[in-house]
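Below: one structure, written as structure tokens.
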Amino acid sequence: MKVSPDSSIYSVFSTTSRRPPSIADEKIVRPQPEQTKAPPSERDSQLVADFHARMARQALDWADSDHDGKVTKDEYMRGQARLAELNNRPDDQAANEARWSAIDTSGKGWVDEAGFGDGLAKIFPVSVGHFDQGFAERLRYPRA
């Protein structure tokens with residue numbers, strides 16, 4: 001082996017030419033995008049309906065004090081008063097009355113889970129939005 005002034009100490013021990021390590025040599029793997037948790041066959045309207053159904057179930061569980069599967073106006077008003085107290089805000093009876101009117105559209109004085117869901121869908125309209133693929137990738141893999 002011939003050592004010249006431009007040779008490195010590495011060339012004394014290695015007979016191969018020196019090259020920088022590659023990504024393959026370092027076994028660096030870029031993470032693949034995560035699969036969405038929602039099945040691809042579900043439509044946006046089904047996702048919104050599922051959201052309103054979950055919200056109705058939770059609201060019914062919260063307000064139905066006698067556990068008969070129905071919420072009366074009195075139970076609803078007591079539930080709203082408890083909620084206001086827990087959140088340290090005043091109990092707005094007029095707003096509660098207006099919401100009850102939107103929930104109990106038939107005027108029966110009580111609603112079941114389906115009626116609660118329909119009323120909450122009127123009070124809390126939601127929709128599903130989508131990011132374009134490029135924006136979603138930038139959110140998933142921000143540059144440091």
Side-chain angles (χ1 to χ4, degrees), residues 1 6-144:
M1 178 174 144
D6 61 331
S7 297
S8 70
I9 191 74
Y10 182 76
S11 65
V12 173
F13 300 106
S14 175
T15 58
T16 60
S17 63
R18 186 171 183 205
R19 66 179 175 81
S22 71
I23 291 175
D25 294 339
E26 297 294 324
K27 297 184 177 31
I28 297 173
V29 178
R30 182 176 178 195
Q32 297 299 318
E34 294 178 16
Q35 298 296 326
T36 59
K37 301 221 186 300
S41 62
E42 270 190 293
R43 301 176 60 100
D44 292 348
S45 59
Q46 184 61 42
L47 292 172
V48 171
D50 291 346
F51 169 77
H52 281 126
R54 284 191 312 273
M55 193 166 57
R57 178 81 245 158
Q58 290 171 349
L60 185 82
D61 289 344
W62 172 259
D64 186 16
S65 58
D66 60 1
H67 305 291
D68 64 350
K70 298 176 184 174
V71 174
T72 64
K73 182 178 179 181
D74 291 335
E75 287 175 323
Y76 178 79
M77 298 303 268
R78 283 193 307 267
Q80 292 300 303
R82 273 192 352 240
L83 191 60
E85 182 180 332
L86 288 172
N87 289 324
N88 293 324
R89 61 177 173 78
D91 183 24
D92 188 354
Q93 291 291 323
N96 294 341
E97 289 280 345
R99 282 193 295 271
W100 178 256
S101 296
I103 292 170
D104 182 21
T105 55
S106 65
K108 295 182 287 190
W110 60 271
V111 291
D112 57 3
E113 187 175 345
F116 222 145
D118 293 341
L120 291 174
K122 292 176 200 166
I123 295 171
F124 303 110
V126 296
S127 63
V128 176
H130 300 279
F131 291 128
D132 67 22
Q133 187 63 29
F135 188 70
E137 285 296 314
R138 288 193 305 272
L139 287 176
R140 210 172 273 130
Y141 302 110
R143 294 181 188 216

### Task
Say whether, by atom type as modelled, one donor and one acceptor occur between the side chain of Asp64 and the main chain of Leu60 under 3.5 angstrom.
no

### Worked verdict on Asp61 versus Arg57 for salt bridge (charged side-chain N to carboxylate O under 4.0 Å, His left out)
CA-CA 6 Å; Asp61 289 344; Arg57 178 81 245 158; 2.7 Å; yes

### Task
First locate atom CD of Glu113, then atom CD of Gln58, and finally report the distance between them rounded to the nearest 0.5 Å.
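Going from CD on Glu113 over to CD on Gln58, the span is 10.5 Å.
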
### Query
What's the spacing between Asp92 CG and Glu97 CD if we round to 0.5 Å?
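That separation rounds to 10.5 Å.
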
Determine the minimum heavy-atom distance between [X] and [Y], stating which atoms define it.
X	Y	result
Gln80	Asn96	CB-ND2, 3.5 Å
Ala84	Pro90	CB-O, 3.9 Å
Ala81	Asp91	CB-OD2, 3.5 Å
Leu120	Ala56	CD1-CA, 3.8 Å
Ile123	Ile103	CD1-CG1, 3.7 Å

### Task
May I ask you to test the His52-Met55 pair for a side-chain heavy-atom distance under 4.5 Å?
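Yes - at least one pair of side-chain heavy atoms lies under 4.5 Å apart.
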
### Task
Using a 4.5 Å cut-off on heavy atoms from C-beta on, say whether the side chain of Met77 contacts that of Gln93.
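Yes; the side chains approach each other to less than 4.5 Å.
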
### Task
Apply side-chain contact (heavy atoms from CB on, under 4.5 Å) to the pair Leu83 and Arg89, showing each step before the final yes or no.
CA-CA 9 Å; Leu83 191 60; Arg89 61 177 173 78; 4.1 Å; yes

#### Entry: With Phe116 via ring-ring contact (aromatic ring centres under 6.0 Å, His included) - residues at least two apart
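ring-ring contact (aromatic ring centres under 6.0 Å, His included) check on Phe116 returns nothing, list empty.
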
### Query
How would you list, by chain and number, every residue that makes a ring-ring contact (aromatic ring centres under 6.0 Å, His included) with Trp100, sequence neighbours excluded?
Tyr76

### Task
Decide yes or no on side-chain contact (heavy atoms from CB on, under 4.5 Å) for Trp110 and Glu75, but give the supporting numbers first.
CA-CA 9 Å; Trp110 60 271; Glu75 287 175 323; over 6 Å; no

